[in-house]
Amino acid sequence: MASSQDDSPSGCRHSDCPSLSARRVVTSAARERWKLLGRALKQRATNGKVEAISVRRFESFGLLKTRKAREDDSIPTEREGVNKEDAKWFQYTCDLVPSFKMDIRQLGGSFTYEALIGFNNTGNVCIWPSEEVLTYYCLKNKEIFRDQRVCELGGGMTCLAGVAVAVASAAEEVVLTDGNEKSVENVEQIVKRNSAQFRDTRVTCQVLKWDEQDQLDRLTGVYDHVICADCLFFDQYRQPLVDCIYRILKPNGVATIFAPRRNQTLEDFCRRAEPFFRVATVENYEEVVWALHLKLQTEDRDRYNPDIHYPIMLSLIKQ
């Protein structure tokens, strides 16, 4: 169980939250860090440097099928920071659930600097393998979300897994979040387009930054299940992510996270989570994904690097 840390100068009211008393963040300071991160990303793009978090040699396990959907754009170009022709609708389906389909609005092209400073752009213009696998896993195990209040953290421009849960499961509520306002604007359009498929599930979107305490205060102990894909890469945000998950989960709530090992970033996250959660790490969690993983290691070595492309499954249970 988390220990009490009420004696910190921050005066945190939630004494059972991991490291919050030592890590209480003033909102303005948090925003400045997000801006600095955006500037760093812009500088790296300008310099032409490519880091492990941005490698796109390998793009998909082929677990979901896509085809171009009918066009129906309603977000003005100037709000996105992208050219209108770079915004495309795709219909996603999955053989696991023959009746399943959802329309997803994906953005390509170059983002303005202003579009980046809200968070980071690594998940904002494409679907990453971890998000694809998380979506597939959620569809295959959709019954675990029945009557649950579910939150996706760091869902990027599509919140693909969260939208899939809203469409395919009988969840009570699904909340789709990202730290980037432009991402959430796009997800709002996706929710609007798929709303007829949500049935009795309440679906909403919001900007949520993991270290802004005023936001977390309103969400303490709200959710039964948190889902998250490939959000462990930045060193300075792994602890805020642990704290955020702990705050927003109910007692005995579950977080399902998919992320690659990526230079031991996953192991570092697990070490930070272990004092506050029961942590289980699963490498072979689904037979189709595992078979593809083994095949790619032998047949596609030039593009496929398991350290940055193969998602490990983490299960966190709040103690």
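The residues of the chain are indexed from 1 along the displayed sequence.
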Any chance the rings of Phe258 and Tyr285 have centres within less than 6.0 Å?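 Aromatic pair counts; centres sit under 6.0 Å.
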
Non-hydrogen side-chain atoms of [X] and [Y] separated by less than 4.5 Å:
X      : Y      : answer
Val150 : Tyr223 : no
Tyr137 : Val289 : no
Glu152 : Val174 : no
Tyr310 : Glu283 : yes
Ser195 : Val203 : no
Phe276 : Gln319 : no
Arg278 : Leu316 : no
Trp210 : Leu153 : yes

For [X] and [Y], which I'm curious about, is there any donor-acceptor pair between the side chains at under 3.5 Å?
X      : Y      : value
Glu173 : Thr201 : no
Thr158 : Glu131 : yes
Asp217 : Gln213 : no

Test the Lys318-Tyr246 pair against the cation-pi criterion, namely NZ or CZ under 6.0 angstrom from the six-membered ring centroid and within 45° of the ring axis.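 Yes - Lys318 lies over the ring of Tyr246, closer than 6.0 Å to its centre and within 45° of its axis.
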
Asp268/Gln264 under side chain to side chain donor-acceptor pair (under 3.5 Å): CA gap, chis, key distance, verdict: CA-CA 6 Å; Asp268 179 66; Gln264 298 187 334; over 6 Å; no

Between [X] and [Y], what is the shortest heavy-atom contact and its length?
X      : Y      : value
Cys205 : Val184 : CB-CG1, 3.9 Å
Glu132 : Gly62  : OE2-N, 3.0 Å
Ala168 : Leu139 : CB-CD2, 3.6 Å
Arg272 : Arg238 : CD-CB, 4.2 Å
Thr177 : Cys159 : O-SG, 3.9 Å
Leu232 : Thr265 : O-CB, 3.6 Å

Partner set under salt bridge (Lys or Arg N to Asp or Glu O under 4.0 Å) for Arg67, not counting sequence neighbours: none

Candidate pair Glu267 and Arg261, rule side chain to side chain contact (heavy atoms under 4.5 Å, CB included), full reasoning: CA-CA 7 Å; Glu267 285 75 12; Arg261 295 193 182 277; 2.5 Å; yes

How many angstroms lie between [atom1] in [X] and [atom2] in [Y], if you round to the nearest 0.5 Å?
X      : Y      : atom1 : atom2 : value
Leu292 : Leu63  : CG    : CG    : 6.0 Å
Cys94  : Tyr136 : SG    : OH    : 6.0 Å
Leu266 : Thr281 : CG    : OG1   : 6.0 Å
Phe90  : Met102 : CZ    : CE    : 13.0 Å
Arg247 : Thr220 : CZ    : OG1   : 4.0 Å
Thr204 : Gln206 : OG1   : CD    : 6.0 Å

Can [Y] be reached from [X] by stepping across I, L, V, M, F, W or Y side chains whose heavy atoms are under 4.5 Å apart?
X      : Y      : answer
Leu294 : Ile312 : yes
Leu216 : Leu249 : yes
Val187 : Phe198 : yes
Leu219 : Val207 : no
Phe61  : Leu64  : yes

Ion pair check, Asp224 and Lys250, cut-off under 4.0 Å: yes

Flag the pair Asp103 and Arg193 as a salt bridge only when some basic side-chain nitrogen lies within less than 4.0 angstrom of an acidic carboxylate oxygen. yes

Return yes if some donor-acceptor pair links the side-chain N/O of [X] with the main-chain N/O of [Y] below 3.5 Å, else return no.
X      : Y      : result
Glu286 : Val288 : yes
Ser169 : Ala166 : no
Asn186 : Leu107 : no

Restricting to side-chain contact (heavy atoms from CB on, under 4.5 Å), what partner residues turn up for Pro260, sequence neighbours left out? Ser130, Asp230, Arg262

Side chain to side chain contact (heavy atoms under 4.5 Å, CB included) for Trp89 and Ile104? Distances and angles first, verdict last. CA-CA 6 Å; Trp89 284 99; Ile104 297 295; 5.6 Å; no

Lys101 atom NZ, over 12 foreign heavy atoms within 6.0 Å: no

Verdict with supporting geometry, Gln91 and Lys65, side chain to side chain contact (heavy atoms under 4.5 Å, CB included): CA-CA 8 Å; Gln91 185 177 90; Lys65 294 180 178 179; over 6 Å; no

Starting from the C-alpha separation in whole Å, work towards a yes-or-no answer on side chain to side chain contact (heavy atoms under 4.5 Å, CB included) for Val165 and Ile227. CA-CA 10 Å; Val165 170; Ile227 59 175; 4.3 Å; yes

Tested for side-chain hydrogen bond (donor to acceptor under 3.5 Å, both in side chains) against Tyr304, the lone hit among Glu299, His293, Gln297 is His293

